[in-house]
Amino acid sequence: MDLRISATMHHVDFAREEVDLAVRHGDGNWPGLDAVRLCPERLFAVCSPKLLSGRRRISGVADVLKFPLIHLDSRSDWANWLRGVGIDDAAVTHGPVLNRASMVIDAAINGQGIALARTTLAAWDLINGRLALAFPESSPVSKTYWIVCPKATASLPKIATFRDWLLAEASNDLRQLKSLAATK
């Protein structure tokens, strides 16, 4: 199987581009496309493992406010998340605002603060010890990642094989993440 990966911000036009399969973020409802959810996702706080062993340890959710909060696109992410875990009126105006999820995760890995991350984007770094869960609380996310292709080509062997491989990898990551969370 010949594989070419292209990361773009636009939705692939399967009729005009030489693409067999794509991963999209959304609600899974795209007319004319076969959509299979990559995995269930949650949103949780992550940080460098070094932050968990420092003198300002995190013993509960409210302790995140002692650290810079790393934001994605706006400061509403943390405000909404904290409300969801029972902390209202938190002062979440501190910390950098970045425009790419990969930059947010890199900043957390580098010890620049605590970030909110979703399952699919933080799994590898959590499994490999580059990131740590700040605490076990998490919240569900409404939009997730989906493997999509035209309905007419969904059963082609090359598409089915690659989709099955992606699903197996995501499932393996979830098992490892559950194991990590259970030991926390």
Side-chain angles (χ1 to χ4, degrees), residues 1-47 69-81 84 95-110 112-131 133 138-178 180:
M1 187 176 292
D2 186 27
L3 180 64
R4 185 182 78 186
I5 297 174
S6 176
T8 64
M9 295 301 287
H10 75 278
H11 282 183
V12 167
D13 181 344
F14 288 100
R16 293 196 170 111
E17 298 178 54
E18 290 186 43
V19 175
D20 295 316
L21 186 126
V23 175
R24 282 190 184 170
H25 183 259
D27 61 8
N29 185 19
W30 295 283
L33 296 182
D34 179 73
V36 177
R37 186 173 66 168
L38 186 58
C39 70
E41 287 198 281
R42 306 222 26 111
L43 193 63
F44 39 81
V46 296
C47 61
L69 301 179
I70 305 167
H71 303 269
L72 177 63
D73 291 330
S74 76
R75 296 192 192 281
S76 65
D77 54 353
W78 270 106
N80 294 334
W81 192 85
V97 177
L98 306 171
N99 72 340
R100 295 278 186 263
S102 60
M103 292 167 48
V104 168
I105 290 172
D106 286 344
I109 289 168
N110 291 324
Q112 296 174 17
I114 300 176
L116 289 176
R118 58 178 50 244
T119 307
T120 52
L121 299 179
W124 189 89
D125 291 309
L126 286 163
I127 291 165
N128 289 288
R130 292 167 30 105
L131 279 176
L133 291 173
S138 66
S139 62
V141 292
S142 59
K143 294 184 178 183
T144 62
Y145 286 95
W146 298 78
I147 304 167
V148 298
C149 66
K151 287 183 179 182
T153 62
S155 62
L156 290 175
K158 68 179 181 178
I159 304 274
T161 299
F162 191 68
R163 181 180 47 238
D164 290 346
W165 176 79
L166 281 174
L167 292 169
E169 290 295 309
S171 179
N172 184 47
D173 284 354
L174 279 179
R175 275 192 300 280
Q176 291 183 61
L177 285 176
K178 285 180 183 176
L180 280 175

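Interatomic distance, CG of D164 versus CD1 of I147, reported as 8.5 Å (0.5 Å rounding).
Scanning for side-chain hydrogen bond (donor to acceptor under 3.5 Å, both in side chains) contacts around S76 gives S74, with sequence neighbours left out. Under the salt bridge (charged side-chain N to carboxylate O under 4.0 Å, His left out) criterion, D125 pairs with R130, sequence neighbours left out. Scanning for salt bridge (charged side-chain N to carboxylate O under 4.0 Å, His left out) contacts around K151 gives an empty result, with sequence neighbours left out. By the salt bridge (charged side-chain N to carboxylate O under 4.0 Å, His left out) test, D20 pairs with K158, sequence neighbours left out. Not counting sequence neighbours, the partners of T161 by the side chain to side chain contact (heavy atoms under 4.5 Å, CB included) test are M1. With sequence neighbours excluded, the residues forming a ring pair (Phe, Tyr, Trp, His ring centres under 6.0 Å) with W165 are F162, listed by chain and number. Applying the salt bridge (charged side-chain N to carboxylate O under 4.0 Å, His left out) test to R16 and every residue at least two apart in sequence or in another chain returns D13. For N128, the side chain to side chain contact (heavy atoms under 4.5 Å, CB included) partners two or more places apart in sequence, or in a different chain, are W124. D73 meets the side-chain hydrogen bond (donor to acceptor under 3.5 Å, both in side chains) test with no other residue; sequence neighbours excluded. Judged as a side chain to side chain contact (heavy atoms under 4.5 Å, CB included), and not counting sequence neighbours, the contacts of T8 are S6, H10. Looking at residues two or more places apart in sequence or on another chain, you find a side chain to side chain contact (heavy atoms under 4.5 Å, CB included) between S171 and R175.
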Check against side chain to side chain contact (heavy atoms under 4.5 Å, CB included), W81 and L43:
CA-CA 8 Å; W81 192 85; L43 193 63; 3.6 Å; yes

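Residues L126 and L133 approach most closely at CD2-N, 3.7 Å, considering heavy atoms. The nearest pair of heavy atoms linking A115 to W78 is C-CZ2, 3.7 Å. Between R163 and A154, the closest heavy-atom pair is NH2-O, 2.8 Å. Here the closest non-hydrogen pair linking A122 and A117 is CB-CB, 3.6 Å. Residues T153 and I159 come closest through the heavy atom pair O-CG1, 3.5 Å.
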Kindly list each side-chain donor-acceptor pair under 3.5 angstrom involving residues 33-42, sequence neighbours excluded, with atom names and distances?
unit_1	atom_1	unit_2	atom_2	d
E41	OE1	R118	NH1	2.7
E41	OE2	T120	N	3.0
E41	OE2	T120	OG1	2.5
R42	NE	S138	OG	2.8
R42	NH2	S138	O	3.2
R42	NH2	S138	OG	3.4

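At least one donor-acceptor pair closer than 3.5 Å links the side chain of D27 to the backbone N or O of N29. Side-chain N or O atoms of D77 include one that pairs as donor or acceptor with a backbone N or O of L72 at under 3.5 Å. Of the possible donor and acceptor atoms, none in the side chain of W146 sits under 3.5 Å from a partner among the backbone N and O of V23. Between the side chain of W30 and the backbone N or O of R24, no donor-acceptor pair lies under 3.5 Å.
Counting only heavy atoms from C-beta outward, the side chains of L21 and L166 approach each other to under 4.5 Å. Within the 4.5 Å cutoff, no side-chain heavy atoms of I114 are placed close to those of V46. For the pair F14/V148, a side-chain contact is recorded, criterion being any heavy-atom separation below 4.5 Å from C-beta on.
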